[in-house]
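See structure below.
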Amino acid sequence: MATAQQQTPTAARTGQQFLDGLRGDAREIWLNGEKITHPLEHPQLAEAARTMARVYDLQHQHADEMLAPSPDDGRLVNVTHLIPRSREHLERRRRAIELTAALTAGMMGRTPDYLNVTFACFAGRADVWARRGNEQGAANLVAYQKLMRDRDLSTTHSIMNPQVDRSKPEAEQAAGEVALHKVGETENHITVRGARMLATLAPYADELTIYPGSDIRPQDGDYALAFALPMGTPGLRFICRDSYSKQRSTFDYPLSSRFDEMDAVVIFDNVEVPKDRLFLCGDTEAYSEVITDTGWRGHIMHQAFTRAYVKLSFALGLGHMLANTTGVVRFDHIQEKLGQIWNMTELTRSGLISAEAGSHLDEGGVWYPDDRPFLALRGEMPKWLPYVNELLQLIGGGGFMATPSRADMDGPLADEIAKYYQAAGADAERRIRLFRLAWDYIGSDLGGRGELYERFYLSDSYRMTALAYKIADKSFPESLVEQFLEEPS
Ligand SMILES: Cc1cc2nc3c(=O)[nH]c(=O)nc-3n(C[C@H](O)[C@H](O)[C@H](O)COP(=O)(O)OP(=O)(O)OC[C@H]3O[C@@H](n4cnc5c(N)ncnc54)[C@H](O)[C@@H]3O)c2cc1C
């Protein structure tokens, strides 16, 4: 019998609708010298496209938790598209993000919920975008967020300019020609040129979004831009890195065979941005304010650390099962290593709960998580997740190399493999499956990319830890010291 949810009209797309939506435009995705028209048509991109389709199907399988009525027309939309108005909304959103992350064990960081959360908080604080006469840009952004929600778009984003010379302002690098900037304007559009890095998920996106990622000088207004464009917009080119997807069985590469979300550099070759797709143009003060004053920091970290919690839980599961399989779990120092992974997992979970417990309505009417636990995690997570990889290596030892492939398992040596690869806690097949999975997590091309991603996707730990210190409330620590700096009365 159909449930009430199933009878309600829905704007949330299915996997098939997502795949169909990638057809038809003249997008320029370049991979290893080849121009790709649809990810399903390229063997190195096809399986991640199917994973993305499963992400879209997931919201229908968990409709009770992942879908809710749109405030505009009552159609069901993914809850990550909704502007949070209460603590319950944050908790509901976390559950939806957790379900999405669990599908890939946290390996895909840029599933659409990442930008759904970003644009929901941007639209919730349209007042910040509207400052200093940018009412039209703010209205465009609000309309765009509704479009994202109602068409359930898959979006990529690119907020950093290329690494030409990080010691100089962007306008002074390579004659100012490499960083994305405005080069012309008519009544209906602006023209932009330059490049940005990176755009994760590009082959699987319907639209590219551009918003601020770094500070710029007051005189560099041409570089202060925020907008969104369909992926097939003329002049827009995406150059992918090597594919880390392995066209092998899920036995051989359980993660790399399915979860390479791909990263690309985006080039703008005199691209026309229609004015109704322009959110910010020229205001260098707004360029930082839309990041600091919209609450983006707290909201995006709510998404990011929910995924990180899932990934840490997965790593804990791997370490625990590796250690039990080969019996090393009996050694104290292995238990301590597993305990360290548990500590990180639990501190992340506690940070999420604490952020929700301390959440409040901000001055723009959006429910904002307490960002203090997130600021602390933002400094630590880029160190924790790479360290977890080291701990897993120390737990698994050379076992990661004792991993014959599916072809070996099915070949003439099958009986010998069954005998010589058995472990105390598992038969040979299960042991090999587990070690191959763990190696795909820490040591394959995709595993290495995952480690780099965790170090940098929210900027680097060094600058984020310094920022956390700078903006922290230091009044209580100061008062504790102050009391001893005066003569007792
Ligand atoms: C796998 C992956 C996927 C990504 N996906 C996306 C995406 O989808 N969208 C997107 O917009 N971005 C994405 N990024 C880019 C990410 O935003 C940047 O990597 C991040 O902001 C750091 O910038 P950078 O890589 O240019 O490094 P850099 O800024 O060049 O830093 C390199 C090193 O120099 C140091 N450094 C640089 N500048 C300074 C300074 N001023 N002071 C002190 N130290 C400095 C840094 O601490 C770091 O150690 C992705 C990155 C990775 C690795």
Side-chain angles (χ1 to χ4, degrees), residues 29 48 52 104 106-119 122 154-170 172-174 178-180 194-205 207-217 223 225-229 231 238-245 255-256 259-268 287-288 290-291 296-297 300-301 303-304 307-308 311 378-379 381-383 385-386 389 444-470:
I29 307 276
M52 280 289 290
T104 66
M107 294 296 286
M108 287 177 80
R110 294 285 161 83
T111 44
D113 48 311
Y114 184 91
L115 284 165
N116 296 350
V117 167
T118 292
F119 274 78
F122 283 166
S154 170
T155 44
T156 178
H157 72 296
S158 201
I159 64 175
M160 300 297 295
N161 287 304
Q163 293 169 311
V164 178
D165 182 347
R166 286 281 190 253
S167 69
K168 290 184 183 156
E170 278 137 349
E172 289 180 9
Q173 301 173 24
V178 172
L180 174 68
R196 283 248 169 147
M197 64 170 269
L198 291 161
T200 300
L201 209 72
Y204 314 107
E207 297 247 342
L208 165 71
T209 63
I210 296 293
Y211 54 88
S214 54
D215 294 338
I216 50 179
R217 301 178 303 181
Y223 297 78
L225 297 166
F227 56 83
L229 290 171
M231 292 291 287
F238 296 84
I239 304 179
C240 299
R241 59 158 163 77
D242 279 2
S243 168
Y244 301 148
S245 165
L255 307 174
S256 303
F259 301 150
D260 182 7
E261 60 188 347
M262 187 47 82
D263 310 291
V265 167
V266 49
I267 295 173
F268 300 78
Y287 203 68
S288 56
V290 296
I291 293 303
W296 175 77
R297 195 161 50 203
I300 201 53
M301 290 193 282
Q303 191 278 350
R307 183 193 59 85
K311 197 166 179 182
R378 189 171 173 178
M381 199 62 75
K383 294 184 270 195
L385 279 160
N389 290 0
S444 64
D445 288 345
L446 190 72
R449 180 266 178 197
E451 185 171 313
L452 189 75
Y453 180 81
E454 303 300 348
R455 286 188 199 276
F456 282 114
Y457 78 101
L458 280 181
S459 188
D460 63 86
S461 161
Y462 152 69
R463 278 179 285 179
M464 289 306 107
T465 305
L467 177 72
Y469 159 71
K470 274 189 252 173

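Indexing begins at 1, ligand by ligand and atom by atom, following the structure's order. Excluded from the calculations below are hydrogen atoms, water molecules and symmetry mates; all remaining heavy atoms, backbone and side chain alike, are included.
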* Of the listed options (Asp460, Asp165, Val266), which comes nearest to atom 47 (O) of ligand 1 when hydrogens are ignored and any heavy atom counts? -> Asp460
* To do: Look only at interatomic distance and state if Ala199 has a nitrogen or oxygen under 3.5 Å from any nitrogen or oxygen of ligand 1.
  => no
* Structure fact -> Among Met464, Glu454, Arg463, closest by heavy atom to atom 38 (N) of ligand 1 is Arg463
* Subset of ligand 1 atoms that lie under 4.0 Å from at least one heavy atom of Ser158 -> 11 (O)
* Does atom 40 (C) of ligand 1 have any protein heavy atom closer than 4.0 Å? -> yes
* Mark whether atom 34 (O) of ligand 1 lies under 4.0 angstrom from at least one protein heavy atom. => no
* Could you see which bit of Arg196 sits under 4.0 Å from ligand 1, with heavy atoms only: side chain, backbone, both or neither? => neither
* **pair Arg297-Leu467: side-chain heavy atoms closer than 4.5 Å** => yes
* Parallel under 30°, tilted from 30 to 60°, perpendicular over 60°: which one fits the rings of Tyr211 and Phe122? -> perpendicular
* To do: Report yes if Tyr453 has an N/O atom closer than 3.5 Å to an N/O atom of ligand 1; otherwise report no.
  => no
* **Any donor-acceptor N or O pair under 3.5 Å, side chains Tyr453, Arg110** => yes
* For Thr156 and ligand 1, does the shortest N/O to N/O distance drop below 3.5 Å? -> no
* **Close side-chain approach of Glu172 to Asp165, heavy-atom, < 4.5 Å** => no
* List the closest protein heavy-atom neighbour of atom 18 (C) of ligand 1: residue, atom name, distance to the nearest 0.1 Å. => Phe456 O, 3.8 Å
* **Residue Ile159 vicinity, atoms of ligand 1 by number, heavy atom under 4.0 Å** => 10 (C), 11 (O)
* Heavy-atom nearest neighbour in the protein, as seen from atom 44 (N) of ligand 1, with distance rounded to 0.1 Å -> Tyr462 CE2, 3.7 Å
* To do: Would you confirm whether Ser154, through its side chain, and Tyr204, through its main-chain N or O, come within 3.5 Å as a donor-acceptor pair?
  => yes
* To do: Please write down residue, atom name and distance for the protein heavy atom closest to atom 7 (C) of ligand 1.
  => Arg110 NH1, 2.8 Å
* Asked: By number and element, which atoms of ligand 1 are closer than 4.0 Å to a non-hydrogen atom of Leu452?
  -> 53 (C)
* Asked: When rounded to the nearest 0.5 angstrom, what distance separates CG in Asp263 from OG in Ser243?
  -> 11.0 Å
* To do: Answer side chain, backbone, both or neither: which part of Thr200 comes under 4.0 Å from ligand 1, heavy atoms only.
  => both
* Determine the minimum heavy-atom distance between Met262 and Pro203, stating which atoms define it. => CG-CG, 3.7 Å
* Asked: For Arg455, what residues pass the side-chain contact (heavy atoms from CB on, under 4.5 Å) criterion, not counting sequence neighbours?
  -> Pro386, Glu451
* Which residue holds the protein heavy atom closest to atom 29 (O) of ligand 1, what is that atom called, and what is the gap in Å? -> Arg166 NE, 3.1 Å
* Asked: For ligand 1, is there an N or O atom under 3.5 Å from any N or O atom of Gln163?
  -> yes
* **CD1 on Ile216 to CG on Leu225, rounded to 0.5 Å** => 8.0 Å
* Hey, is Asp242 close enough to Arg449 for a salt bridge, meaning N to O under 4.0 Å? -> no
* **Proximal candidate to atom 25 (O) of ligand 1 [heavy atom criterion; set Arg449, Glu451, Met197, Met160]** => Met197
* To do: For atom 51 (C) of ligand 1, grab the closest protein heavy atom and report residue, atom and distance to one decimal in Å.
  => Leu198 CD1, 3.6 Å
* Close side-chain approach of Val265 to Arg196, heavy-atom, < 4.5 Å -> no
